[in-house]
A.B. asks: 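Questions regarding the structure given below will be posed in turn.
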Amino acid sequence: MSAIQIRLPDNSIREFDHQPTILEVAESIGPKLAKDTIGGLIDGDPEVRDLRTVLKDGQKLEILTMGSEKGLEVVRHSAAHVMAQAVQEIWPEVKATIGPVIDNGFYYDFDSPFQFTPEHLSKIEKKMKEIIKRGDKIEKQVLERAEAEKTFKSMDESYKLELIEGFDADSEISIYKQGGDWFDLCRGPHVQKTSQIKAVKVLSLAGSYWRGDENRQSLQRVYATAFYSQKDLDEHLKNLEEAKKRDHRKLGKELGMFYFDQLSPGGPFFTPKGTIVYNEFLDFLREKYRKYDYQEVITPQVYDVDLYKQSGHYQNYKENMYFMEVDDRQFSLKPMNCPGHCVLYTQEKKSYRDLPWRVADFGRLHRYERSGVMHGLTRVRTFSQDDGHIFCTLDQMQSEIESFVSMFKEIYHALGMEDYKIYLSTRPEKRMGSDEVWDKAEAALENALQRMELPFQVNPGDGAFYGPKLDFMFVDALKRPWQLGTLQADFNLPEAFDLSYVGDDNSEHRPVMLHRAILGSLERFIGVYLEHTAGHLPTWLMPQQVRVMNLTDRQLDYCKSLTEQLKAEGLRVDFDDRSEKLGFKIREAQLMKIPYMLVIGDKEEESGQISVRLKNGTTKYGLKMEDFVSQVKKDVGERMLKSPLIETES
RNA sequence: GCCCAUGUGGCUCAGGGGUAGAGCACACCCUUGGUAAGGGUGAGGUCGCGAGUUCGAGUCUCGCCAUGGGCUCCA
């Protein structure tokens, strides 16, 4: 029998007289490595394999040890089993279902006759730590299907049984034993023994459904996470804290920008301060619209339901729409602008010379979101979008897309949002329109991205039935993805509204419609941007840009005149004239994240110079007022991300 | 919509059958102080809403509403 050869990442070859497991390969290299081994990658496949996997001749193996990023999945997977074991050791009547690894952790769904509470969670965590301390060895055992079914049936683990029934006929059915009697149906991968799970934390509790189907058994999901070390875990918990601190709902309240009232669920109230931010974004977008040749329009809020029957929204989107009946006529609040824009398109006969016809609309939209899905500003029932529609010919699509992508890049760059991913979703199985049209549309999207040298990922079959689309996924400062911008080609609405233009051949043609948004919903965007910037908006967006503060009452008049002067320059300035100590005033301004604080005492008044404290805590003394004004005007006027006074530091 | 938790002054929260509390914010007074909290006094509450139990309900029960964490959804 010839030797079995396994290739390692450094291209060295190890030989065996039998097909070795990943762990055996590690053992052959050294005991330390074997001890740390928790899995492996075979032939460059990104799927992490169990260390008990039997290798075949000629395979390439990368051993994953404690500390490797990929290996963390294995640790978390095993930790999920430890959780299930812990729960069943404490409450044997609880049934286990599934426990997958997710981003930054894992969860396990249980069917329990009683409700879990936070006290239960700490019990679970305690028990998990006990099991980890015991260091139970984890062993894999392959079962025949019939045997597996019999086993789980006798244990009354109906969910496991259902899982087994769903497996392919030829798939291997394995269980993993931990310690004495406890085992779980699982295909792995798992660590060698529970003590390889170094740090665990049970985080939270939530409801879920078996197989994610709300008509089936409701389960209790316990979220937790595991890391290689307590230090990593602490770091992660700190990040979670940071995310909490940055929560836009908290920031919005602290900065006094918006709030919600029970009387309008999902209906944000923007305060005067929040409205300034909102409108600054609109001004910014309008400026870009002028540059990119869009025409802004204003369209009705309320339409006869017939409009949505014609567009197809009534049939497909009814449960998310608001309806009202007036004078025996059915009306609906608009959930999107596109049908209205189609109506507007038909108001005058279009020639090919009129295309591309680009309209933008900040119209208020209302969508009846189901009660459980609302979330701060990121999911609301009333909002407006930086919505726009481009009606063009199929041949104009590519240049329109390129122009859109340029505008997108320009806007995201200006907002300091450089990290985003682009997804191209192509034709689904159920779709309208000819393959020829789809070919052209998909090619236009793809070519545009290639010409702009933007990397993108294709999601085959993920497009809407009416056309392919691009989705722009912004990744924020805490590495969380948000889908904000979008560009969707639509062959359906032009058809539904029988839109046409007269071509140079003097016959009628059907235009293509592009739906596009860069920030998406303004409400949602403001929420995301607040979290991304942790509330430190660039000066041009700040409701309060400069705060003047006097040291003593002697400077009252002087400060008033300075305030007036700054106001006359178009800056948003206020004057804290309360008889409080300077430290107190500074603290407040700092908490409000006001970028410029003018501190005026006798010295300043006498010298005619000013002292400016920046929100990063540094103070510039002896500035001339006119220099300060020009710096701040530059900051605001050029929509700078950082104050020029901070820039010039160091 | 579903599961669980929560709802007490503008905000953050304590109180858990017997007359509604604290800190911050707010108002007024004292203080005029040089870069993240000076001191005093005061005003402010249908304890989410509605029923029920009780001599008596923020407090216990039920229903509803809203919010939060998830699930599902986001043509």
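Residue numbering restarts at 1 for every chain, and letters A, B, ... go by the order of the sequence lines. Predicted model, so just to flag it, every value in this text is computed and none were measured.
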A.B. asks: In whole angstrom, give the distance that lies between atom CG of A/Asp247 and atom C1' of B/rU67.
C.D. replies: 12 Å

A.B. asks: Might you list the N or O atoms of the protein lying below 3.5 Å from N or O atoms in nucleotides 10-13 of chain B, with each pair's distance?
C.D. replies:
unit_1 : atom_1 : unit_2   : atom_2 : d
B/rU12 : OP1    : A/Lys253 : NZ     : 3.1

A.B. asks: Would A/Leu424 and A/Asn459 count as a side-chain contact (heavy atoms from CB on, under 4.5 Å) here? Give the steps.
C.D. replies: CA-CA 6 Å; A/Leu424 168 60; A/Asn459 287 337; over 6 Å; no

A.B. asks: Can you see if the side chain of A/Arg367 gets near the phosphate of B/rC73 - specifically, an N or O under 4.0 Å from OP1 or OP2?
C.D. replies: no

A.B. asks: What I want to check is whether an N or O donor and acceptor connect the side chain of A/Arg370 with the base of B/rU72 at under 3.5 Å.
C.D. replies: yes

A.B. asks: How does protein contact run along nucleotides 39-46 of chain B, one letter per nucleotide 5' to 3', with B for base contact, S for sugar-phosphate only, - for none, heavy atoms under 4.0 Å?
C.D. replies: --------

A.B. asks: Between B/rC64 and B/rA22, how far apart are the two P atoms, rounded to whole Å?
C.D. replies: 36 Å

A.B. asks: Short of 4.0 Å, heavy atom to strand atom, which residues of residues 531-539 of chain A count as contacting RNA chain B?
C.D. replies: none

A.B. asks: If a pair satisfies salt bridge (Lys or Arg N to Asp or Glu O under 4.0 Å) and one of its residues is in residues 574-584 of chain A, list it, with sequence neighbours excluded.
C.D. replies: A/Arg547-A/Asp574, A/Asp576-A/Arg578, A/Arg578-A/Glu588

A.B. asks: Enumerate the residues from residues 583-597 of chain A whose closest heavy atom to RNA chain B is under 4.0 Å, giving them by residue number; use none for an empty result.
C.D. replies: A/Gly583, A/Phe584, A/Ile586, A/Arg587, A/Gln590, A/Leu591

A.B. asks: Is there any side-chain hydrogen bond (donor to acceptor under 3.5 Å, both in side chains) pair reaching into residues 511-523 of chain A, and which pairs are they, with sequence neighbours excluded?
C.D. replies: A/Tyr278-A/Glu523, A/Tyr289-A/Arg516, A/Tyr294-A/Arg516, A/Arg364-A/Glu523, A/His389-A/His515, A/Asp490-A/His515

A.B. asks: Is there, by distance only and without an angle test, a donor paired with an acceptor across the side chain of A/Arg379 and the base of B/rC73 below 3.5 Å?
C.D. replies: yes

